S.K.: 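Following this message is one structure expressed as structure tokens.
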Amino acid sequence: MKKNQISFTVAFEELQEILVKIQSQEVDIDQLSEKVKRARFLIDFCEKKIKGISMEVKKVTKSLKES
Amino acid sequence: MDIKLQKTYGILELNSKVKFVLDNCFPDLFWVRGEISGFDRKSRGFTNVYFQLQEKNPNKDEVLSQVSAVIWKSDRVKIWNKLYESKIDPNFCDGREVRALCRLNTYPPYGKYSLIIKDIDPKFTLGKLAQSRERIIQTLKLNGVLDKNKKRVLVKVPLKLGLITRLNSEAYHDFLGKLKESNFAFSVQTYDSSMQGKNVETEVCKALDFFNKENLDAVIITRGGGAKTDLSWFDNQKIAEKIAFSKIPILTGIGHKTDYSIADMAAYSFYQTPTDVAIFLIKRIADFLEEVENISDKLTYSVNDYLKANLQQLRVFKERLLWTSAAYIVEQTKDLKVFKKEIVEYPELLIKNTKEKIESYRLQINNLDPVNILKKGFSITKFKNQTIKSVNQLKVDQEILTIFTDGKIKSKIINLKINKKII
């Protein structure tokens, strides 16, 4: 796996981490918009990834449903 | 009377006088008992026959006294018939004890006397035979001889045989002929031996000694049937002892329809005729073969039974296997269906949940986005490019920068008021 290509799990975990930190006000207001930006990126990444996975799964389960 | 004055006899006169005295002294016919001797060589045909009658010391083989005897040709036929009817061997032989009705015969020209035998008492001969026989039997019984050969082991397939008989006799041919009929692979060694007469003892004993050195399954002593005195040659202690101490089982076929000899008693088993011995041997082998066949049949049956039982069990196993495997397949198919359903549903559910989570995170992030907060009416205050989080950071007359979503304002602090409580 390439350095800039993170996995869904790692992205999802980071997203959850950011969320928890923001919600518990551990994030400084100055860093907030950076963190939000990162979170948005991760959300988009995860969404894209889950869509891809969903497509794959549907392909597989379709053949299972038909068999 | 002075002995010198006594009468002087001429030889013939003397012999004639002796004859006269003797003839007057004995009745015309009188009984004499004695053992026959010197007879055998002259016994052929119905001619006049001369022999001796002798008396032996009962404890030793020593002749105490003997007398010449004769049977005239005419009497011999009569005596022969009488003995034959009494079932005694009508042929005289040496060693036989007889009670004879005699006439004294003196022959003056030779000065000898002899006995003319006119008749024989068969009962006496029979009695003598019986006595001697009984004596031998008692002795053998006392010494435990009679059972010894019976304790030998006769193999189940007695093929290697020793045959003691008179070569080329009827018995010889009967025995071998019967064996041949059977087609079994008998191997027979023959020892030629007298079966009657005084040589029986030595020859049969020699034959037994000879065969005892050979590797044989059984030894057969056989001869054709004969009259009772004939049989008496086998009422013999030495032969019985040889048989008893023989390492090989001895089978006898020397018998008689109504009686049996001491040799028979000492033997492993005895039969009436040579043919009977052969039949026994053949039957023993045939029985063994039958036994083998039976065992083989039984074996086949039991193997079949065993196979049947195993086959049955195999069938049961097969059915059980089919049944259980069918049940297993049903069970597995059921499980598989569940799995299939789950594998289809679970990822979808997982994706749905994840999507929902991501959506909820998006909402939360949106809510937390300072831009959106500013949109709700909040603003950010900065002094010298530092975000102000407390009134305490500021003083009156300081210029501060207030940031909104859509722009900034610069303003001067006129008044400061610190709340006791933070909202």
Side-chain angles (χ1 to χ4, degrees), chain A, chain B residues 332-376 378-391 393 400-406 408 422-423:
Chain A
M1 194 183 278
K2 285 176 190 172
K3 223 177 177 181
N4 54 354
Q5 270 190 327
I6 52 167
S7 73
F8 177 86
T9 313
V10 173
F12 198 74
E13 275 171 5
E14 196 188 338
L15 177 62
Q16 281 174 319
E17 207 178 309
I18 291 169
L19 211 61
V20 169
K21 273 187 179 171
I22 294 173
Q23 281 167 340
S24 61
Q25 297 184 345
E26 271 177 50
V27 179
D28 196 86
I29 193 88
D30 293 318
Q31 292 170 331
L32 188 59
S33 73
E34 267 313 299
K35 288 287 174 196
V36 168
K37 212 190 263 175
R38 178 70 182 160
R40 282 195 194 287
F41 167 78
L42 291 172
I43 286 166
D44 288 345
F45 174 82
C46 284
E47 215 167 37
K48 227 166 119 184
K49 201 86 177 169
I50 200 85
K51 264 183 193 162
I53 292 168
S54 174
M55 294 281 277
E56 286 291 317
V57 169
K58 266 180 189 161
K59 234 190 263 176
V60 177
T61 52
K62 197 187 166 198
S63 67
L64 273 175
K65 275 177 190 170
E66 282 166 0
S67 66
Chain B
Q332 289 295 303
T333 313
K334 242 191 246 171
D335 285 354
L336 204 64
K337 270 183 191 164
V338 172
F339 289 155
K340 201 170 145 185
K341 202 178 158 206
E342 282 178 354
I343 208 118
V344 171
E345 287 175 358
Y346 188 74
E348 285 174 356
L349 194 69
L350 188 71
I351 288 164
K352 195 183 159 215
N353 285 345
T354 312
K355 275 182 177 170
E356 279 172 9
K357 258 187 199 167
I358 292 168
E359 201 46 47
S360 106
Y361 291 165
R362 188 195 296 285
L363 280 172
Q364 287 179 52
I365 286 294
N366 279 343
N367 286 339
L368 293 167
D369 191 338
V371 176
N372 289 337
I373 296 168
L374 293 177
K375 274 181 184 168
K376 286 177 185 167
F378 294 96
S379 60
I380 298 163
T381 305
K382 286 190 173 182
F383 176 71
K384 287 181 179 171
N385 224 16
Q386 265 202 332
T387 305
I388 301 302
K389 291 172 188 167
S390 165
V391 178
Q393 288 176 280
I400 52 169
L401 189 70
T402 306
I403 300 161
F404 297 90
T405 48
D406 50 352
K408 300 167 185 178
I422 297 166
I423 304 161

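Please read these numbers as outputs of a predicted model, since none were measured by experiment.
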S.K.: How long is the span from the CD1 atom in A:Ile22 to the CD1 atom in B:Ile365, to the nearest 0.5 Å?
M.R.: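 CD1 of B:Ile365 is found 4.0 Å from CD1 of A:Ile22.
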S.K.: Quick one: pull up CD1 in B:Ile358 and NZ in A:Lys48 and give me the separation to the nearest 0.5 Å.
M.R.: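 Answer rounded to 0.5 Å: 13.0 Å.
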S.K.: B:Glu359 versus chain A, heavy atoms under 4.5 Å apart: side chain, backbone, both or neither?
M.R.: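 Looking at B:Glu359, just its side chain touches chain A.
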S.K.: So how far is it from A:Leu19 CG to B:Lys357 NZ, rounded to the nearest 0.5 Å?
M.R.: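 Result: 11.5 Å between the selected atoms.
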S.K.: Is atom NZ of B:Lys408 surrounded by more than 12 heavy atoms (other residues, nucleotides or ligands) closer than 6.0 Å?
M.R.: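 No.
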S.K.: Can I get a per-line list of side-chain donor-acceptor pairs under 3.5 Å for residues 33-40 of chain A, giving both atom names and the distance, sequence neighbours left out?
M.R.:
residue: A:Arg38; atom: NE; partner: A:Glu14; partner atom: OE2; Å: 2.8
residue: A:Arg38; atom: NH2; partner: A:Glu14; partner atom: OE1; Å: 2.9
residue: A:Arg38; atom: NH2; partner: A:Glu14; partner atom: OE2; Å: 3.4
residue: A:Arg40; atom: NH1; partner: B:Asn366; partner atom: OD1; Å: 2.6
residue: A:Arg40; atom: NH2; partner: B:Asn366; partner atom: OD1; Å: 2.7
residue: A:Arg40; atom: NH2; partner: B:Asp369; partner atom: OD2; Å: 2.8

S.K.: Can you find a pair of side-chain heavy atoms, one from B:Lys352 and one from A:Ile50, that are under 4.5 Å apart?
M.R.: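 A side-chain contact under 4.5 Å is absent here.
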S.K.: Relative to chain A, which segment of B:Lys341 carries a heavy atom at a distance below 4.5 Å: side chain, backbone, both, or neither?
M.R.: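 The answer is neither part of B:Lys341.
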S.K.: Could you grab the distance from atom CG of B:Leu368 to atom NZ of A:Lys21, nearest 0.5 Å is fine?
M.R.: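 Separation between the atoms: 14.5 Å.
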S.K.: Are any of the side-chain heavy atoms of B:Lys355 and A:Ser54 separated by less than 4.5 Å?
M.R.: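 A side-chain contact exists here, since the closest heavy-atom pair is under 4.5 Å.
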S.K.: Atom CD in A:Glu47, atom OG1 in B:Thr354: separation rounded to 0.5 Å?
M.R.: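 OG1 of B:Thr354 is found 11.5 Å from CD of A:Glu47.
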S.K.: Hey, could you give me each pair passing ring-ring contact (aromatic ring centres under 6.0 Å, His included) that has a residue in residues 345-374 of chain B? Not counting sequence neighbours.
M.R.: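 Checked against ring-ring contact (aromatic ring centres under 6.0 Å, His included) - neighbours excluded - the pairs reaching residues 345-374 of chain B are A:Phe12-B:Tyr361.
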S.K.: Minimum heavy-atom separation for B:Arg362 to A:Asp44, with atom names?
M.R.: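 Of all heavy-atom pairs spanning B:Arg362 and A:Asp44, the closest is NH1-OD1, 3.5 Å.
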S.K.: Of the backbone (N, CA, C, O) and the side chain (C-beta and beyond), which part of A:Ile43 lies under 4.5 Å from a heavy atom of chain B, both, or neither?
M.R.: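 Both backbone and side chain.
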S.K.: For B:Pro347 and A:Val57, which heavy atoms make the closest approach, and how far apart are they?
M.R.: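 Heavy-atom minimum between the residues: CB-CG1, 3.3 Å.
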